[in-house]
Number of protein chains: 2
Amino acid sequence: MKTDTPNNHQPDMPEEINGLRMTRQRQEVYRLLTRERTHPTANEVFMRIKEALPNVSLATVYNCLEALVQHNVIRQVNFDREPSRYCSNLDEHGHFHDEKTGKIHDVKFKSGVSLADVLDLPPNTVIKDVEITLRGQLSAS
Amino acid sequence: MKTDTPNNHQPDMPEEINGLRMTRQRQEVYRLLTRERTHPTANEVFMRIKEALPNVSLATVYNCLEALVQHNVIRQVNFDREPSRYCSNLDEHGHFHDEKTGKIHDVKFKSGVSLADVLDLPPNTVIKDVEITLRGQLSAS
DNA sequence: GATTGGATCAAGAACTATTCTAATTATTTC
DNA sequence: GAAATAATTAGAATAGTTCTTGATCCAATC
């Protein structure tokens, strides 16, 4: 009757990603983020993931998210001081925050342009990470 | 003997900026940010401002910073979930966070380029605010 | 010059996202 | 299969920030 053995690997999920052991909890967190591209917060992940893992704890969700971020499996996205959001899109991209709907849309870079073309960087700068955040509205015209 | 009457307007400070009454506390907060371009946190502002206003409270510093931000007199800058930092440079610019020194440098946009040249924005987007954050190192070569 | 009303300030409590701690449970290695 | 290692859990702790409440200040009027 019990269909949900606690820590079974799912058949469609590799044992490891980028050297990170994909435990059941990490699988579910990662699966959720690939399925729902809405940039959920840790708490939203926690609430949704309970369907699959009723006994999961919020601390575990945080642990999983951190492990996945650390191993470059997902990205952590911050808007001001709002709760962190998480995103399985690893392509370099920015985020547009629509003030009307509250939704977040990924924004791609145009091909062939680099940030150095736009910004007056100090010489000899090694950029390891870029974050671009836009805030505004999708005018409905 | 008492040279520091609590709420005196300083002679070199307007009574109002952008419609915000410049009380003594707001003056000192603003003055500090224009003098020190190091992007201090609320707590750093609090500690430094005590020289001029020994009885000021941290809550007041937060209130002042918020009022100044709201009236577009200063900008609030966030790096991930670190404490907010504040900045009196109102020109549109990004921030480069040097991982070695921990210091933050303003990064100007090259003249004549706009973000729309670089990003694949959805059509009919009205951008109200842009935030660009870079993280890396100033290689010492 | 006193009065009044609204804005501002101070002090500390409260809040919230996140991290830490310690104990339990799974998994891997020997 | 036992020992060692890693992951998970629950709840306590933390830190930055916001809220609450009462006091104070200030400008405009009487």
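Since we're looking at a predicted model, the values are computed, not measured. Labels below follow one simple rule: chain letters A, B, ... track the order of the sequence lines, proteins then strands, and each chain is numbered from 1.
- Put simply, the side chain of B/Ile17 does not reach to within 4.5 Å of the side chain of B/His71, judged on heavy atoms.
- Note on B/Arg26: a side-chain N or O is less than 4.0 Å away from OP1 or OP2 of C/dT8.
- A/Gln76 places no side-chain N or O within donor-acceptor distance of the main-chain N or O of A/Tyr86, the cut-off being under 3.5 Å.
- With D/dT8, C/dT28, C/dT8 as the candidates, the nucleotide lying closest to the side chain of A/Thr23 is D/dT8.
- Rounded to an integer number of Å, the gap from A/Tyr62 OH to C/dC20 C1' is 13 Å.
- Around the NZ atom of A/Lys108, the shell of radius 6.0 Å holds no more than 12 heavy atoms that belong to other residues, nucleotides or ligands.
- Between B/Asp80 atom CG and C/dT19 atom C1' the separation is 16 Å, expressed in whole Å.
- Remark: P of C/dT25 and CZ of A/Arg24 are 19 Å apart, rounded to the nearest angstrom.
- Spacing between atom CZ of B/Phe46 and atom C1' of D/dT18 amounts to 16 Å, rounded to whole angstrom units.
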Nucleotide-resolved protein contact map, nucleotides 9-14 of chain D, B/S/- at heavy-atom distance under 4.0 Å: BBB---
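- Side-chain contact between B/Asn55 and B/Gln25: absent, with no pair of heavy atoms (C-beta onward) separated by less than 4.5 Å.
- Distances shown here put every side-chain N or O of A/Ser84 at or beyond 4.0 Å from the OP1 or OP2 atom of C/dA17.
- Spacing between atom CD of B/Glu16 and atom P of D/dA27 amounts to 11 Å, rounded to whole angstrom units.
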Residue pair A/His95, A/Asp106: steps toward the side-chain hydrogen bond (donor to acceptor under 3.5 Å, both in side chains) verdict: CA-CA 5 Å; A/His95 290 102; A/Asp106 288 353; 3.2 Å; yes
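- What separates CE of A/Met22 from P of D/dA6 is a distance of 18 Å, to the nearest Å.
- For residues 118-138 of chain A, no pair satisfies ring-ring contact (aromatic ring centres under 6.0 Å, His included), with sequence neighbours left out.
- When side chains are defined from C-beta on, A/Ile132 counts as touching B/Leu119, because their heavy atoms get closer than 4.5 Å.
- At whole-Å resolution of the value, CZ in B/Arg81 and P in C/dT19 are 8 Å apart.
- As a whole-Å value, the separation of B/Glu82 CD from C/dT19 P is 12 Å.
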